[in-house]
A.B. asks: 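If you scroll down you'll find the structure; I have some questions about it.
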Amino acid sequence: MGRGRRPGRESYIVSEPSPLIPEPDPSATRKRVSFRGRLRNYFFTGVIVAGPLAITIYITWWCISLIDGWVKPLVPSAYLPDHYLPFSVPGLGLVIAFVALTTLGALTANLVGRSIVEFGEVLLARTPVISGLYRGLRQVFETLFSTSGTSFRTVGLVEFPVKGTWSIVFLSAPAGPDVQTALGAEHEQVGVFLPCAPNPTTGFFFYLPRADVIELPISVDDAAKLVMSAGVIQPEDPQTRLQAMAAGLRAAQVGPIDVPARDRMDA
């Protein structure tokens with residue numbers, strides 16, 4: 001009688017892994033960067049870090065040197081530390097100018113100071129050529145540095161130079177009575193300044209109806225960055241910027257995420 005299979009038992013076939021299919025190496029799927037590529041990345045990273053810092057230091061040093069060149073010749077050399085030291089002290093003229101302007105503003109706030117300023121303005125107003133120049137410059141400075149004014153503190157969009165294209169503008173003061181009457185009293189006219197890229201100090205000034213201006217909820221600094229960078233630097237919401245910074249910090253703490261071997265083989 002032949003041996004049969006005992007009831008209640010099942011036979012299993014265990015398959016051993018084939019040695020012909022090796023396991024994929026995780027390091028082989030990572031992208032290898034050459035030595036030249038790493039050097040290029042390091043170089044551009046250094047430019048991004050050092051470029052803005054170097055330009056900021058250069059512009060600051062240029063402004064300090066310019067103000068020192070204006071102020072120091074007006075001060076007697078006996079009162080300057082440069083007369084006693086073997087080297088020049090940078091920024092001294094800037095400090096002297098700041099103290100002098102602050103003192104002038106404090107003196108102008110009282111009755112005696114206002115009387116002296118008004119007397120000087122009367123003398124300038126009677127001078128044929130200087131009177132017009134002084135009045136124009138004073139109006140410009142009062143408009144730009146007034147804490148209660150709104151000129152050049154609002155950013156807008158206008159259709160320029162052709163219909164369907166939009167340009168960044170800074171809103172100035174509304175049109176005067178003469179300009180408003182000449183352009184038509186049915187629409188309120190407002191002056192706008194359209195800066196040129198990448199130099200926002202040059203541009204075009206014109207009047208147009210206020211209804212044709214679309215005001216933007218961004219700051220003047222963000223608009224200036226947008227113009228100077230030719231649209232590369234976009235204004236961001238502070239909350240969005242904070243979220244992006246937090247996500248970057250979390251990614252740096254976690255490190256690179258290893259992809260399972262099966263997913264890499266499917267890809």
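The residues of the chain are indexed from 1 along the displayed sequence. Everything numeric here is computed off the predicted structure, so don't read it as measured data.
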A.B. asks: What are the two closest heavy atoms between Ile48 and Pro52, and how far apart are they?
C.D. replies: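 Residues Ile48 and Pro52, closest heavy atoms: O-CD, 3.1 Å.
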A.B. asks: Could you point out which residue of Asp222, Leu157, Val169, Leu226 forms a side chain to side chain contact (heavy atoms under 4.5 Å, CB included) with Leu216?
C.D. replies: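 Of Asp222, Leu157, Val169, Leu226, side chain to side chain contact (heavy atoms under 4.5 Å, CB included) with Leu216 is met by Leu157 alone.
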A.B. asks: Kindly say whether Thr154 contributes a backbone atom to a donor-acceptor pair with the side chain of Glu215 at under 3.5 angstrom?
C.D. replies: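 A pair under 3.5 Å: no.
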A.B. asks: What distance separates Leu123 CG from Phe119 CZ, expressed to the nearest 0.5 Å?
C.D. replies: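 So the gap between those two atoms works out to 4.5 Å.
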A.B. asks: I need the minimum non-hydrogen distance between Phe170 and Ala223, along with the two atoms involved.
C.D. replies: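 In this case the closest contact between Phe170 and Ala223 is CE2-CB, 3.8 Å.
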A.B. asks: Is the distance between the ring centroids of Phe160 and Phe206 under 6.0 Å?
C.D. replies: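 Yes, close enough.
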A.B. asks: Are any non-hydrogen side-chain atoms of Asp212 and Val158 less than 4.5 angstrom apart?
C.D. replies: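 No - every pair of side-chain heavy atoms lies 4.5 Å or more apart.
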A.B. asks: First locate atom CZ of Arg210, then atom CD of Glu188, and finally report the distance between them rounded to the nearest 0.5 Å.
C.D. replies: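 Going from the CZ atom of Arg210 to the CD atom of Glu188 covers 4.5 Å.
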A.B. asks: Transitively linked via ILVMFWY side-chain contacts under 4.5 Å: Trp61 with Phe98?
C.D. replies: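 Hydrophobic grouping puts Trp61 apart from Phe98.
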A.B. asks: Decide side chain to side chain contact (heavy atoms under 4.5 Å, CB included) for Leu194 and Ile168; before the verdict, give the C-alpha distance in whole Å, the side-chain angles of both, and the deciding distance to 0.1 Å.
C.D. replies: CA-CA 6 Å; Leu194 190 151; Ile168 295 288; over 6 Å; no
A.B. asks: What are the two closest heavy atoms between Ala78 and Tyr84, and how far apart are they?
C.D. replies: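 That would be O-OH, 2.9 Å.
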A.B. asks: Under the criterion side chain to side chain contact (heavy atoms under 4.5 Å, CB included), I'd like the reasoning laid out for Lys72 against Ile96: C-alpha separation, chi angles, the key distance, then a yes or no.
C.D. replies: CA-CA 9 Å; Lys72 282 186 176 181; Ile96 295 174; 5.9 Å; no
A.B. asks: If you round to the nearest 0.5 Å, how far is CG of Leu39 from OH of Tyr42?
C.D. replies: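 Answer rounded to 0.5 Å: 8.0 Å.
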A.B. asks: Is there a side chain to side chain contact (heavy atoms under 4.5 Å, CB included) between Leu53 and Val49? Walk through the geometry before answering.
C.D. replies: CA-CA 7 Å; Leu53 180 62; Val49 173; over 6 Å; no
A.B. asks: Would you say CH2 of Trp166 has more than 12 non-hydrogen atoms from neighbouring residues, nucleotides or ligands within 6.0 angstrom?
C.D. replies: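 More than 12 heavy atoms, drawn from other residues, nucleotides or ligands, come within 6.0 Å of this atom.
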A.B. asks: Hey, quick one: are Val75 and Ile67 part of the same hydrophobic cluster, counting side-chain heavy atoms closer than 4.5 Å, chains of contacts allowed?
C.D. replies: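 They do share one cluster, since a chain of ILVMFWY contacts under 4.5 Å joins Val75 to Ile67.
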A.B. asks: Quick check: closest heavy atoms across Cys196 and Gly203, and the distance to 0.1 Å?
C.D. replies: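 Scanning both residues completely, I find the closest heavy atoms to be SG-CA, 3.6 Å.
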A.B. asks: Taking all atoms of both residues into account, what is the closest heavy-atom pair of Ile64 and Pro90, and its distance?
C.D. replies: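 That closest heavy-atom pairing would be CG2-C, 4.4 Å.
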A.B. asks: Treating Ile, Leu, Val, Met, Phe, Trp and Tyr as nodes and any side-chain heavy-atom pair under 4.5 angstrom as an edge, say whether Leu94 and Tyr79 lie in one connected cluster.
C.D. replies: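 Yes: a chain of side-chain contacts under 4.5 Å links Leu94 to Tyr79.
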A.B. asks: Pairing donors with acceptors under 3.5 angstrom, does anything connect the side chains of Asp68 and Ser65?
C.D. replies: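 Judged by distance alone, the side chains do not pair up.
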A.B. asks: Identify the two heavy atoms, one from Ser219 and one from Val155, that lie closest to each other, and give their separation to 0.1 Å.
C.D. replies: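 The pair with the smallest heavy-atom distance is O-CG2, 3.8 Å.
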A.B. asks: Under the side chain to side chain contact (heavy atoms under 4.5 Å, CB included) rule, what do Glu159 and Thr165 come out as? Steps first, then yes or no, please.
C.D. replies: CA-CA 5 Å; Glu159 281 190 303; Thr165 59; 6.0 Å; no
A.B. asks: More than 12 foreign heavy atoms under 6.0 Å from CZ of Arg38: is that the case here?
C.D. replies: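 Yes, because the 6.0 Å sphere around CZ of Arg38 holds more than 12 heavy atoms from other groups.
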A.B. asks: If I take atom CG from residue Leu183 and atom CG from residue Leu208, how far apart are they, to the nearest 0.5 angstrom?
C.D. replies: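 Leu183 atom CG to Leu208 atom CG measures 10.0 Å (nearest 0.5 Å).
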A.B. asks: Would the Tyr207 and Phe205 ring centres measure less than 6.0 Å apart?
C.D. replies: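 Ring centres of Phe205 and Tyr207 closer than 6.0 Å.
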A.B. asks: Do you reckon Val227 sits in the same ILVMFWY cluster as Ile214, going by side-chain contacts under 4.5 Å, direct or chained?
C.D. replies: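 Val227 and Ile214: one cluster.
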